Amino acid sequence: MSFKEKYDLRVKKIDAYIENYLDSICDTQPNFLEAVKYSVLNGGKRIRSILCTEIARIFGIDDESAYGFAAAIEFIHAYSLVHDDLPCMDDDDFRRGMPSCHKKFGESIAVLTGDSLLTLAFELMADICVKNGKNAAKAMKYVAQKAGLCGMINGQVIDINNSGNNKADLPLLMKLVEKKTSELICASVVSPVIMSGADEDTINFYEKFAFYLGIAFQIRDDFEDIDQDDGDDGSPNFINVLGIDKASDYIKEFVAKTDDAVKKIPDNTFIAELTDFLFESFR
Ligand code: GRG
C-alpha cells in the first residue's frame with residue numbers, strides 16, 4: 001500500500017469513529033449537531049489524531065483507548081480553530097477552504113460549538129479513564145495541561161498580546177509557537193506513551209520529538225500562508241521575524257532534529273513516511 005493509501009485509510013477510520021461517537025451520544029438541536037460535525041469533519045489533515053493512533057499502536061495501546069484520545073484531541077483542535085476564527089479573535093471568514101463556523105452558523109452557535117467540542121473531548125477521555133484506570137487519567141491530565149491555561153490557550157494569549165508587535169524576536173516567537181502549536185501536538189504524541197505506563201525518560205524523549213515536529217509544522221504553515229497570500233495578520237511568525245532565508249534554514253534545522261528523533265522510534269515506517277510527506281520540500 002502506498003503512503004497516501006495508508007494515510008487516507010487512517011483519516012477515514014478517525015472520521016468514522018468521530019461521526020459514530022457524535023451520532024451515538026447526541027440528542028441535541030439538529031442545527032447545532034450540524035455545526036459541530038461541520039467544524040470537526042469538514043476537511044483537515046488529522047495530523048494530531050494520526051500521530052496519536054500511530055504512537056498508540058507502537059506502544060500496544062488498545063484501539064478503543066487510542067481512537068478515544070485521538071478523537072478527543074481532534075475535538076480540542078477543532079474547537080480552537082472555531083474560536084480562533086471568531087471576529088473577536090482572528091476574524092477569519094474561511095477555514096479549510098470553506099466558510100468558517102461563525103460565517104455559516106452565526107457567532108453564538110460558533111461559540112457554543114467550540115464550547116461543546118472542548119467539553120466532549122473530556123467526556124470521551126473520561127469514558128476511557130473509567131475503563132482503563134490510572135494511566136489513562138494521567139494521560140487525560142496531560143492533555144488538559146497542554147491544551148489549557150498554561151498550554152495552547154496561553155499561546156493564543158501571547159499571540160493576542162503581541163498582535164502588531166513588529167519588534168518580536170525569536171525567543172518570544174518560539175515561546176508563542178511552542179505553546180500555541182507544539183503543545184497540542186505534544187499531547188497527541190505523549191498521551192498514548194503515558195497511557196502505556198512508560199518511564200520518565202521515554203516520556204521526555206517523545207516530548208522532544210513532538211516539540212521539534214511542532215516547530216517544523218508551524219514554520220511549514222507560515223510558508224504555506226505566504227504561498228496562499230494569507231501571510232501577515234499582524235502576529236509574529238517565522239517569516240516576518242526571521243525573513244524567508246533564515247526561516248528556510250530554521251525549518252531545515254527542526255526537520256533534521258525531527259528526523260533524528262524518528263530514527264530512534266521503534267517500528268517507525270509510517271511515522272517516517274508521515275514526516276517525509278509533511279516536510280519533503282524543506283529538506
Ligand atoms: C482559540 C484557544 C484558542 C486557540 C487557538 C489553533 C490556534 C490557537 C489558532 C489557529 C491558527 C494557527 C495557525 C494555529 C497554529 C496551529 C496550526 C498550524 C493549526 C492548523 O493546524 P492543521 O494544519 O489544521 O493541522 P487542519 O485544518 O489540517 O486540521
Side-chain angles (χ1 to χ4, degrees), residues 7-8 10-11 14-15 18 38-52 70-71 73-102 107 110-119 121 143-163 173-189 210-211 213-228 230-240 251 254 274-275 277-279:
Y7 179 88
D8 289 347
R10 284 163 199 242
V11 172
I14 303 269
D15 285 1
I18 290 175
Y38 180 83
S39 304
V40 198
L41 291 169
N42 273 359
K45 294 182 287 299
R46 308 279 178 271
I47 294 297
R48 293 158 192 79
S49 41
I50 286 177
L51 279 167
C52 185
I73 289 166
E74 213 53 66
F75 289 166
I76 295 171
H77 171 57
Y79 119 77
S80 80
L81 300 178
V82 170
H83 280 188
D84 186 61
D85 290 339
L86 288 168
C88 63
M89 297 253 186
D90 242 20
D91 195 9
D92 270 318
D93 290 354
F94 291 94
R95 169 66 58 188
R96 297 169 167 171
M98 285 177 295
S100 44
C101 184
H102 67 277
E107 228 173 294
V111 170
L112 296 170
T113 295
D115 293 344
S116 315
L117 284 167
L118 179 58
T119 322
V143 174
Q145 287 173 323
K146 295 293 170 189
L149 187 71
C150 306
M152 180 182 70
I153 294 179
N154 187 23
Q156 182 77 346
V157 174
I158 299 172
D159 195 335
I160 290 167
N161 287 348
N162 285 284
S163 166
L173 177 63
M174 285 297 278
K175 176 91 180 160
L176 191 169
V177 172
E178 178 178 5
K179 295 288 157 190
K180 188 168 137 169
T181 307
S182 281
E183 300 262 275
L184 197 60
I185 291 182
C186 196
S188 319
V189 168
F211 171 71
L213 176 62
I215 300 296
F217 188 69
Q218 184 60 60
I219 308 175
R220 175 190 185 272
D221 194 67
D222 289 350
F223 272 106
E224 274 188 350
D225 279 347
I226 37 172
D227 287 347
Q228 289 155 16
D230 189 20
D232 225 329
D233 62 357
S235 292
N237 62 47
F238 284 96
I239 312 296
N240 63 24
I251 189 170
F254 277 86
L274 179 67
T275 49
F277 157 74
L278 287 173
F279 304 122

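Atoms within a ligand are numbered from 1 in the order they appear, just like the ligands themselves. The analysis underlying the following values was restricted to heavy atoms, covering all of them including side chains, and did not include hydrogens, waters or symmetry mates. On a predicted model such as this, the values are computed, not experimentally measured, just so you know.
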Please work out, at 4.0 Å between heavy atoms, whether the side chain, the backbone, both, or neither of [X] comes within that distance of ligand 1.
{"X": "Ile47", "result": "neither"}
{"X": "Lys45", "result": "both"}
{"X": "Arg46", "result": "neither"}

Protein residue, atom and distance nearest to [atom], heavy-atom basis:
{"atom": "atom 10 (C) of ligand 1", "result": "Asp84 OD2, 3.2 Å"}
{"atom": "atom 2 (C) of ligand 1", "result": "Tyr79 OH, 3.5 Å"}
{"atom": "atom 19 (C) of ligand 1", "result": "Arg48 NH2, 3.8 Å"}
{"atom": "atom 16 (C) of ligand 1", "result": "Thr181 OG1, 3.4 Å"}
{"atom": "atom 6 (C) of ligand 1", "result": "Ser80 OG, 3.2 Å"}
{"atom": "atom 27 (O) of ligand 1", "result": "Arg96 NE, 2.8 Å"}
{"atom": "atom 24 (O) of ligand 1", "result": "His77 NE2, 3.4 Å"}
{"atom": "atom 13 (C) of ligand 1", "result": "Asp221 OD2, 3.6 Å"}

For Lys180, atoms of ligand 1 separated by under 4.0 Å from a heavy atom: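 Near Lys180, the atoms of ligand 1 are 8 (C), 9 (C), 12 (C), 14 (C), 15 (C).
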Test of proximity, Glu74 against ligand 1: N or O pairs below 3.5 Å: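 No, Glu74 has no N/O under 3.5 Å of an N/O on ligand 1.
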Min N/O separation Arg95 to ligand 1 under 3.5 Å: no
Ion pair Asp15/Arg46, N-O distance below 4.0 Å: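 Salt bridge present between Asp15 and Arg46.
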Result of checking Ile18, Leu118, Thr119 against Phe75 for side chain to side chain contact (heavy atoms under 4.5 Å, CB included):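 Among Ile18, Leu118, Thr119, the one meeting side chain to side chain contact (heavy atoms under 4.5 Å, CB included) with Phe75 is Ile18.
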Polar side-chain atom of Asp85 near backbone of Ser100 as donor-acceptor pair, under 3.5 Å: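 Judged by distance alone, no pair lies under 3.5 Å.
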Donor-acceptor pair, side chain of Asp84 and main chain of Ser80, under 3.5 angstrom: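 No, the answer is negative, given that no donor and acceptor are paired below the 3.5 Å cut-off.
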